K.L.:
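Dropping a structure here in structure tokens format, bear with me for questions.
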Protein chains: 2
Amino acid sequence: MSIRQATRRKILELGEDLMQKRGFNAFSYHHISSELGIKNAAIHYHFPSKESLGRQIIKNTHERFSKWISHPEHRVLPVAEQLDWLIKIYQYNLEKENRVCLIGSLATDYYTLPLSMQAGIRKLSADVQNWLAQLLEGGRQQGVLSFEGKSRDKALTILTSLAGSLQLARLLGNEMFHKVVEQIHLDLKLTY
Amino acid sequence: MSIRQATRRKILELGEDLMQKRGFNAFSYHHISSELGIKNAAIHYHFPSKESLGRQIIKNTHERFSKWISHPEHRVLPVAEQLDWLIKIYQYNLEKENRVCLIGSLATDYYTLPLSMQAGIRKLSADVQNWLAQLLEGGRQQGVLSFEGKSRDKALTILTSLAGSLQLARLLGNEMFHKVVEQIHLDLKLTY
DNA sequence: GATTTAATTTACTTATTAGTAAGTATATTA
DNA sequence: TAATATACTTACTAATAAGTAAATTAAATC
């Protein structure tokens, strides 16, 4: 693989960061090129259109998620630890200079996005939702957590809360994220 | 008042709508002027800068909220109905072609916003948070609802969930909003 | 070492953006 | 009805955006 594609990887990393910090419409190729010390046209070589860059960023995030949840080591972890893993992703974004999650960022931009990006982010959010619903259902059956209602609805409530708290943390301070996480735990009566 | 300021009001209405549908960076004066059948410069007459327009939209939303929560008729309503009123605001946005809430929209745009708008949206979100925390605390003391933990943390969990669900509803369908609302009610063990 | 492929720069284009200055029409008021 | 604000339009500017074509450099392969 050598040095080739190194710029491509840097573009993707920075693009992801910019999307989660500023949103898809509020970053330009110039943000990336100036940071990396290259020219705009170099980015167009790797990603002919901004849409293609956005698509790939969504794809990468989706693949990271899919690989992880299907990983043998991960699947045997206790429910509480799998939930913690999900929360750690959000916490990682919080600590990376208050990124919001990719889904939340693209959801507010949604109607301004190219159709291929809309489809990509829809698929990702559906997968996350399904995974968490299954995890909660399993946990309830095992008796390590408890909640009222359908596991799918509870999953949605938690996911929206996590996404929303990354956003509100920008306005109200980062401590509130941890309080929301604590509250989610309380609401689940989680036992470790 | 006559016909004067009618255009100004229409600009503010449309601006608010665009901010909640597309975000602050993804709408231009052209979106407004073409829709209203006027010229861009007419908007600049009423709002010299986009920042001044954005500021006023936040201010209006804040004033609507403040007026309502301090209204004598509203303050004597049962806790459950006051909570319903809050949820109805979100539902109204959902039904208005999937607007997201102003706070959520501006939170994802936050680092790209003029400082005056950042300050405005911070104040608004703090006020909403404080109001809901007090409402929940009162409700718990009255025994019409119950939850674990601090009322402030529970308020944050609910607010983030509502904001997040307007966003996720764009990706996963509007039914999920109602499910999240149902789940919030279940989690509060609310009695009417 | 020559050739081919990959990666990048230079130099553009076209479109859109917020914003301005000067002039014109429409009300309102003295 | 003349004077005066108010509410615009016309006609710009300057900046920034994404994207392209052609030339150039760097790297890998034959």
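Below, chain A is the first sequence line, B the second, and so on; all start at residue 1. For clarity, every value in this text was computed on a predicted model and none was experimentally measured.
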K.L.:
Under 4.0 Å between a side-chain N/O of Ser28(A) and OP1 or OP2 of dA17(D), yes or no?
P.N.:
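Indeed, a polar side-chain atom of Ser28(A) lies that close.
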K.L.:
Report the distance from atom CD1 of Ile32(B) to atom C1' of dA18(C), rounded to the nearest whole Å.
P.N.:
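Rounded to the whole Å, the gap is 12 Å.
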K.L.:
Taking the side chain of His44(A) as its heavy atoms from C-beta onward, which of dT9(C), dT20(C), dA18(D) lies nearest to it?
P.N.:
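Among the listed nucleotides, the one closest to the side chain of His44(A) is dA18(D).
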K.L.:
Side chain of Lys50(B) only, please: which of dT10(D), dG19(D), dA18(C) is the nearest?
P.N.:
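Of dT10(D), dG19(D), dA18(C), dA18(C) is nearest to the side chain of Lys50(B).
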K.L.:
Given dT10(C), dA18(C), dT20(C), identify the nucleotide with an atom nearest to the side chain of Tyr29(B).
P.N.:
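Within the option list, the nearest is dA18(C).
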K.L.:
Measuring to OP1 and OP2 of dA18(C), would you say a side-chain N or O of Ser49(B) lies under 4.0 angstrom away?
P.N.:
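Ser49(B) to dA18(C) OP1/OP2: no side-chain N or O under 4.0 Å.
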K.L.:
Does Tyr45(B) place a side-chain N or O at less than 4.0 Å from the phosphate oxygens OP1/OP2 of dC8(D)?
P.N.:
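Tyr45(B) to dC8(D) OP1/OP2: no side-chain N or O under 4.0 Å.
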K.L.:
Hey, does Phe47(A) reach any base, or is it just sugar-phosphate, or nothing, if we go heavy atoms under 4.0 Å?
P.N.:
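Nothing: the residue Phe47(A), judged by heavy atoms under 4.0 Å, touches no strand.
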K.L.:
Can the positive tip of Lys50(A) be found less than 6.0 Å from the middle of the six-membered ring of Tyr29(A), inside 45° of the ring normal?
P.N.:
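The answer is no; the distance or angle limit is not met.
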K.L.:
Using atom CD of Glu51(B) as one end and atom P of dG19(C) as the other, report the distance to the nearest whole Å.
P.N.:
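The distance from CD of Glu51(B) to P of dG19(C) comes to 9 Å, rounded to the nearest Å.
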K.L.:
Quick one: is His31(A) getting a side-chain N or O under 4.0 Å of the dT16(D) phosphate, OP1 or OP2?
P.N.:
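His31(A) to dT16(D) OP1/OP2: no side-chain N or O under 4.0 Å.
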K.L.:
Phe24(B) CZ to dT17(C) P: how many Å, rounded?
P.N.:
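Those two atoms, CZ and P, are 13 Å apart.
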K.L.:
Using a cut-off of less than 4.0 Å, is there contact between a side-chain N or O of His46(B) and OP1 or OP2 of dC8(D)?
P.N.:
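It does, given that an N or O in the side chain of His46(B) lies less than 4.0 Å from OP1 or OP2 of dC8(D).
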K.L.:
So, does Lys39(B) get its side chain near the phosphate of dC8(D), meaning an N or O under 4.0 Å from OP1 or OP2?
P.N.:
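Answer no for this pair, as no side-chain N or O of Lys39(B) is under 4.0 Å from OP1 or OP2.
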K.L.:
In terms of relative ring orientation, are His74(A) and Trp68(A) parallel, tilted or perpendicular, with 30° and 60° separating the classes?
P.N.:
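Tilted, since the angle between the ring planes falls between 30° and 60°.
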K.L.:
Please report, rounded to the nearest Å, how far the C1' atom of dT16(D) is from the CZ atom of Phe27(A).
P.N.:
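So the CZ-C1' distance, Phe27(A) to dT16(D), works out to 15 Å.
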K.L.:
From CD1 of Ile38(B) over to C1' of dA25(C), roughly how many Å is that when rounded to an integer?
P.N.:
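Taking CD1 of Ile38(B) and C1' of dA25(C), I get 16 Å after rounding.
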K.L.:
Pairing donors with acceptors under 3.5 angstrom, does anything connect the side chains of Glu137(B) and Ser151(B)?
P.N.:
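Yes, a side-chain donor-acceptor pair sits under 3.5 Å.
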K.L.:
Between Asn25(B) (CG) and dT16(C) (C1'), how many Å, whole number?
P.N.:
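Roughly 14 Å, once rounded to whole Å.
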K.L.:
Check the distance between dA6(C)'s C1' and Ile11(A)'s CD1 and give it to me in whole angstrom.
P.N.:
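Atom-to-atom, Ile11(A) to dA6(C), this comes out as 14 Å.
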K.L.:
Does any N or O in the side chain of Asn25(A) come within less than 3.5 Å of the main-chain N or O of Asn25(B), such that one atom is a donor and the other an acceptor?
P.N.:
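Not a single qualifying donor-acceptor pair exists.
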K.L.:
To the nearest Å, how far apart are His30(A) NE2 and dG19(D) P?
P.N.:
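Taking atom P of dG19(D) as the reference, NE2 of His30(A) is at 16 Å.
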K.L.:
Do the side-chain N and O atoms of Asn93(A) and Gln20(A) include a donor-acceptor pair separated by under 3.5 angstrom?
P.N.:
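Asn93(A) vs Gln20(A): donor-acceptor pair found between side chains.
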